[in-house]
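Structure first, then comments.
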Amino acid sequence: MVAGRVARRKITMVLRNKVFLLLLRLIVGGVFIWAAVSKIADPLTFAQDVRNYRLVGQTLSFLTAIILPWVELIAGLFLIIGIFPRSSALLISGLLLFFIILVAITMLRGIDVECGCFGTFSRRADLWLIIEDTVWLIMALVLLFSPANEFCLLKPGSRVSN
Amino acid sequence: MKLREILSDRETWQGLAIILGLSVFLAVITQLGLIRRFWQGEFKQAFINRQEFPGLVFVSLAEAESLWASGEALLVDSRSREEYAAGHVPGAFSLPLVEVKSGQEDLLRLLPEDKPLVVYCEGGSCQTSLALAKILFSKGFKNIKVFSGGWEEWLQAGLPVEK
């Protein structure tokens, strides 16, 4: 009992450590920026990747392919430099949750596709991808629920308690 | 912080609106050329760059049938071996995309180099025929047609089937 409580307190301490949180922001934001840049550079390939999931038609695939990478880029960038970090973390968590559900549905439908995650550096949408995205999601959720965001360009408003 | 606090914070929603608005704005100004091409119907069938794949065209059921009936072109089936075995276009060559992708490229040597190839898959919104067509194109086959109606349309039209 006591040992469990001590361990929990230690985990909480790490999760609230300013440097740890900054590092997490760099990692999560960085991977989103990287994923976005490779897709912005080649929108047609990404559009076809989206289409291959066979969930939406040609027009929606096209719109997703040109807009989604920019959402990823700006959310990643804002998370790192600290402009609306809470909104960015919420958006990134939402996207990751969506990707996980999407890959799961695609696997259940028996469709074999490239995930389209990193543009031309693509890989297959499989169970490993779900596991990988879950790890990213956990990191994003830690950031979303972290008490304070230090080292920010725009300080969160007074309503955000420390 | 609790989720309820985050969601009831106006700043969260302001931030979301700004991120999304900025994304749409940047997407539109950076991809204006592509948007115009989409509008003109260039990507109606597939998202491929015409300059990158000259000679790769899409054909309808009627075109595919006449190419097949006259023996002018060879039909290539990009579905799995099992699906091919269950029924295919008579005389079609079985070239599953999964096998080509996993590196069995010696299969390509069995294809005639001088004949146009008509690639098809299940139909509906299947995409393996296009993926296979792109690979074939990059391997030197320059006269490639994709029959996007695929097996489904062929069956529905009551055309000959081989098992």
Side-chain angles (χ1 to χ4, degrees), chain A residues 36 40 42-59 61-79 83-94 111-114 124 141 144-149 154 156-161, chain B residues 1-35 37-39 41-53 79-80 83 96-98 101-102 121-122 124-128 130-131 134 148:
Chain A
I40 290 172
D42 190 357
L44 280 184
T45 301
F46 182 48
Q48 189 59 48
D49 285 338
V50 175
R51 187 70 187 85
N52 289 351
Y53 278 95
R54 294 165 72 174
L55 206 65
V56 291
Q58 210 71 359
T59 307
S61 297
F62 179 73
L63 289 177
T64 307
I66 60 168
I67 296 169
L68 183 64
W70 281 104
V71 176
E72 293 178 338
L73 181 79
I74 294 167
L77 193 70
F78 277 17
L79 186 71
I83 299 177
F84 296 112
R86 195 81 66 192
S87 313
S88 307
L90 182 66
L91 193 55
I92 286 176
S93 306
I111 301 172
D112 182 23
V113 288
E114 306 274 317
R124 189 145 289 166
L141 288 176
L144 179 64
F145 295 118
S146 68
N149 281 291
L154 279 186
S158 53
R159 273 169 280 110
V160 182
S161 56
Chain B
M1 271 188 101
K2 292 198 176 72
L3 187 63
R4 199 190 295 159
E5 274 179 81
I6 296 167
L7 294 180
S8 62
D9 189 349
R10 253 187 72 200
E11 201 180 88
T12 307
W13 298 103
Q14 269 173 359
L16 275 180
I18 289 173
I19 295 170
L20 294 175
L22 202 57
S23 304
V24 172
F25 174 72
L26 287 169
V28 169
I29 57 167
T30 53
Q31 312 290 3
L32 211 55
L34 214 58
I35 293 170
R37 283 163 69 191
F38 182 83
W39 195 255
E42 191 180 327
F43 309 117
K44 216 178 251 171
Q45 280 134 332
F47 295 104
I48 52 165
N49 214 336
R50 303 264 168 206
Q51 290 104 31
E52 221 179 302
F53 299 96
R79 300 172 302 159
S80 67
E83 285 170 296
L97 175 70
V98 272
K101 265 187 157 174
S102 62
C121 48
E122 305 94 286
S125 52
C126 76
Q127 305 288 335
T128 57
L130 175 67
K134 280 179 167 176
S148 35

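By convention in this document, chain letters (A, B, ...) are assigned in the order of the sequence lines, proteins followed by strands, and residues within each chain are numbered from 1. Keep in mind the model is a prediction, meaning the values are calculated, not measured.
- In this structure, A/Thr45 OG1 and B/Glu52 CD are separated by 7.0 Å, a value rounded to the nearest 0.5 Å.
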With side-chain contact (heavy atoms from CB on, under 4.5 Å) as the criterion, how do B/Leu26 and A/Ile74 come out once you've worked through the C-alpha distance, each side chain's angles and the decisive distance to 0.1 Å? CA-CA 10 Å; B/Leu26 287 169; A/Ile74 294 167; 3.7 Å; yes
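- For the options B/Lys101, B/Lys2, B/Gln14, heavy-atom pairs under 4.5 Å to chain A are most numerous at B/Lys101.
- Of the atoms belonging to B/Leu22, heavy atoms from both backbone and side chain fall under 4.5 Å from chain A.
- The greatest number of non-hydrogen atom pairs below 4.5 Å with chain B, out of A/Val113, A/Leu68, A/Thr59, A/Leu77, is found for A/Thr59.
- Neither the backbone nor the side chain of B/Val28 comes within less than 4.5 Å of any heavy atom in chain A.
- Atom OG1 of B/Thr30 and atom CD1 of A/Ile40 lie 6.5 Å apart (nearest 0.5 Å).
- A donor-acceptor contact under 3.5 angstrom links the side chains of A/Gln48 and B/Gln127, judged on distance only.
- Interface residue B/Leu3: backbone and side-chain heavy atoms are both found under 4.5 Å from chain A.
- Interatomic distance, CZ of B/Arg37 versus CG of A/Leu44, reported as 6.0 Å (0.5 Å rounding).
- B/Leu97 does not touch chain A: none of its heavy atoms, backbone or side chain, sits under 4.5 Å away.
- Only the side chain of B/Glu122 comes within contact range of chain A, with heavy atoms under 4.5 Å apart.
- Within the 4.5 angstrom heavy-atom criterion, atoms from both the backbone and the side chain of A/Leu144 approach chain B.
- Taking 4.5 Å as the limit, every side-chain heavy atom of B/Asp9 sits out of range of all side-chain heavy atoms of A/Arg86.
- If you measure heavy-atom distances from A/Leu90 to chain B, the contacts under 4.5 Å come from the side chain alone.
- Taking every heavy atom of both residues into account, B/Gly15 and A/Ser87 meet most closely at CA-OG, 3.4 Å.
- Ranked by non-hydrogen atom pairs under 4.5 Å with chain A, the options B/Ala131, B/Ala27, B/Ala17 are led by B/Ala27.
- Of the inter-residue distances, the one linking B/Phe38 atom CZ with A/Ile66 atom CD1 reads 9.0 Å to the nearest 0.5 angstrom.
- Of the inter-residue distances, the one linking B/Phe47 atom CZ with A/Arg51 atom CZ reads 7.5 Å to the nearest 0.5 angstrom.
- Heavy atoms closer than 4.5 Å to chain B are found nowhere in A/Leu63, neither backbone nor side chain.
- Contact annotation for A/Phe62: both backbone and side-chain heavy atoms come within less than 4.5 Å of a heavy atom of chain B.
- In this structure, A/Pro43 and B/Leu34 approach most closely via the heavy-atom pair CG-CD2, 3.5 Å.
- Looking only at side-chain heavy atoms (C-beta outward), B/Ile6 and A/Phe145 come within less than 4.5 Å of each other.
- Atom CD1 of residue B/Ile19 and atom CG of residue A/Leu79 lie 9.0 Å apart, to the nearest 0.5 angstrom.
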